[in-house]
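These notes concern the structure reproduced below.
For the numbers below, each heavy atom of this structure counts, side chains included, while hydrogens, waters and symmetry mates do not. Throughout, protein chains are lettered first and strands after them, A, B, ... in sequence-line order, and every chain is numbered starting at 1. None of these values were measured; they are calculated from a predicted model.
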Number of protein chains: 2
Amino acid sequence: MDKQLDVLQGTLDMLILKAVSLGPLHGYGILFRIQQISRDRLEIQQGSLYPALYRLEHQGWIASEWGESENNRKAKYYRLAAAGKRRLQSETEKWNRMAEVIAGILHTTPEEV
Amino acid sequence: MDKQLDVLQGTLDMLILKAVSLGPLHGYGILFRIQQISRDRLEIQQGSLYPALYRLEHQGWIASEWGESENNRKAKYYRLAAAGKRRLQSETEKWNRMAEVIAGILHTTPEEV
DNA sequence: TACGACACCTAGCGTGTCGACATATAGCGC
DNA sequence: GCGCTATATGTCGACACGCTAGGTGTCGTA
């Protein structure tokens, strides 16, 4: 049981979009899905999640619908909207570029300066 | 001339430590060095740099000394302290773990859920 | 009927980056 | 000598965002 990392600032929206892109899900379930697809190395807090969901829906990237959960409780199901799909893609590309840039910097040796 | 990325929140300290680790440098020069080792894809703002330098020195990760720049102006030169070297290493490892986790998430397919 | 797991939400805080501004000086063209 | 640009160091307020810590209600089970 290794320690979990905090979410890197600026990546939460992308992670949520990705989680929802794998299939519609209610908010509470998103917490577990992110934990799952990160293999227990990331844990989202509820106090981070719900404002983010509001943000994403407000932007038109996800859409919600009240429904019933597997446990017979009312739950708000989110699905990825078309704009959200595009957004996820552009954020992913941006992330890849950023990760590449930082990796490059971290591998720079004094001789290269 | 492609567009430059904003600094990812939480990575500036690491980037500065890395820049200084490549050889002592004054603040103004750090801006250019980071631009250089990122191959012009990252640009640090002065309003971000100087508070960060204060932060890093306050933590004992870098040390400063007033000197004279190549252009005969007074400039504060920073060098990496021993604690900063350790810090840079641990931040680098943390970044690598995080990048790996996020890459894994982004590559998850619906079948794997 | 008490309790824990499920499911939603909000308020306030801390951190960190940015944009805009302020200050000072060396070197250069005129 | 005068103004301009590049060099160099900062400060300040605004703002985004994730976290901690709470609060509400309901279902299933012991």
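A pairwise comparison of heavy atoms in B:S21 and B:L80 identifies CB-CD2, 3.6 Å as the closest pair. Residue B:M98 comes nearest to A:D6 through the heavy atom pair CE-O, 3.0 Å, listed as atom of the first residue, atom of the second, then distance. Contact detail for A:Y77 and A:E68: the closest heavy-atom pair is OH-O, 3.3 Å. Across all non-hydrogen atoms, the minimal contact from B:K18 to A:I105 is CE-O, 3.3 Å. When all heavy atoms of B:V20 and B:Y78 are compared, the closest pair comes out as CG1-O, 3.7 Å.
Of the residues listed (B:Q89, B:K94, B:R87), the one engaging B:E91 in a side chain to side chain donor-acceptor pair (under 3.5 Å) is B:R87, and it is the only one.
For B:W66, the listed nucleotide lying nearest its side chain is D:dG10; candidates were D:dA8, D:dG10, C:dC18. If you check D:dA8, C:dT17, D:dG18 against the side chain of B:V7, the one that comes closest is C:dT17.
Between the P atom of C:dG14 and the CD atom of A:Q9 lies a distance of 15 Å, rounded to the nearest Å. Separating the OH atom of A:Y77 from the C1' atom of C:dC8 is a distance of 13 Å, rounded to the nearest angstrom. To the nearest angstrom, P of D:dA16 lies 19 Å from CG of A:L8. Distance B:E68 CD to C:dA26 P: 9 Å, rounded to the nearest Å. Across the protein-nucleic acid pair, A:Y28 atom OH and D:dC27 atom C1' stand 13 Å apart, rounded to whole Å. One atom, CD1 of A:I30, and another, P of C:dA7, lie 12 Å apart when rounded to the nearest Å. Atom pair B:Q45:CD and D:dC15:C1' shows a separation of 15 Å (rounding to whole Å applied). Following rounding to the nearest Å, A:H58 (NE2) and D:dA16 (C1') show an atom-to-atom distance of 15 Å.
The phosphate of D:dG18 (OP1 or OP2) has a side-chain N or O of A:R55 nearer than 4.0 angstrom. Here A:S69 does not reach the OP1 or OP2 of C:dC6: none of its side-chain N or O atoms lies under 4.0 Å away.
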For nucleotides 10-13 of chain C, list the nitrogen or oxygen atoms of the protein found under 3.5 Å from its nitrogen or oxygen atoms, one pair per line.
none

Where do N or O atoms of nucleotides 28-30 of chain D meet protein N or O atoms at under 3.5 Å, pair by pair?
residue, atom, partner, partner atom, Å
D:dG28, OP1, A:N72, ND2, 2.9

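Both A:I44 and B:L49 lie close to DNA chain D; mapped to their nearest nucleotides by heavy-atom distance, the more 5′-ward contact belongs to B:L49. Along DNA chain D, the nucleotide nearest B:H26 and the nucleotide nearest A:D6 are compared for position; the residue whose nucleotide lies closer to the 5' end is B:H26. Where B:E43 and A:K76 each meet DNA chain C at their nearest nucleotide, the meeting point lying more 5' is that of A:K76.
B:L12 comes within contact range of the sugar-phosphate backbone alone, with a heavy-atom separation under 4.0 Å but no base atom that close. Within the nucleic acid shown, B:G29 has no heavy atom closer than 4.0 Å to any nucleic acid atom.
Looking at B:V7 and B:S48, their side chains never come closer than 4.5 Å, going by heavy atoms from C-beta outward.
With B:E112 contributing its side chain and B:T109 its backbone, the two residues share a donor-acceptor pair below 3.5 Å.
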* Walk me through it: do B:I44 and B:I30 pass the test side-chain contact (heavy atoms from CB on, under 4.5 Å)? => CA-CA 9 Å; B:I44 310 299; B:I30 292 176; over 6 Å; no

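Using cut-offs of 30° and 60° on the angle between ring planes, the pair B:H26 and B:Y28 is parallel.
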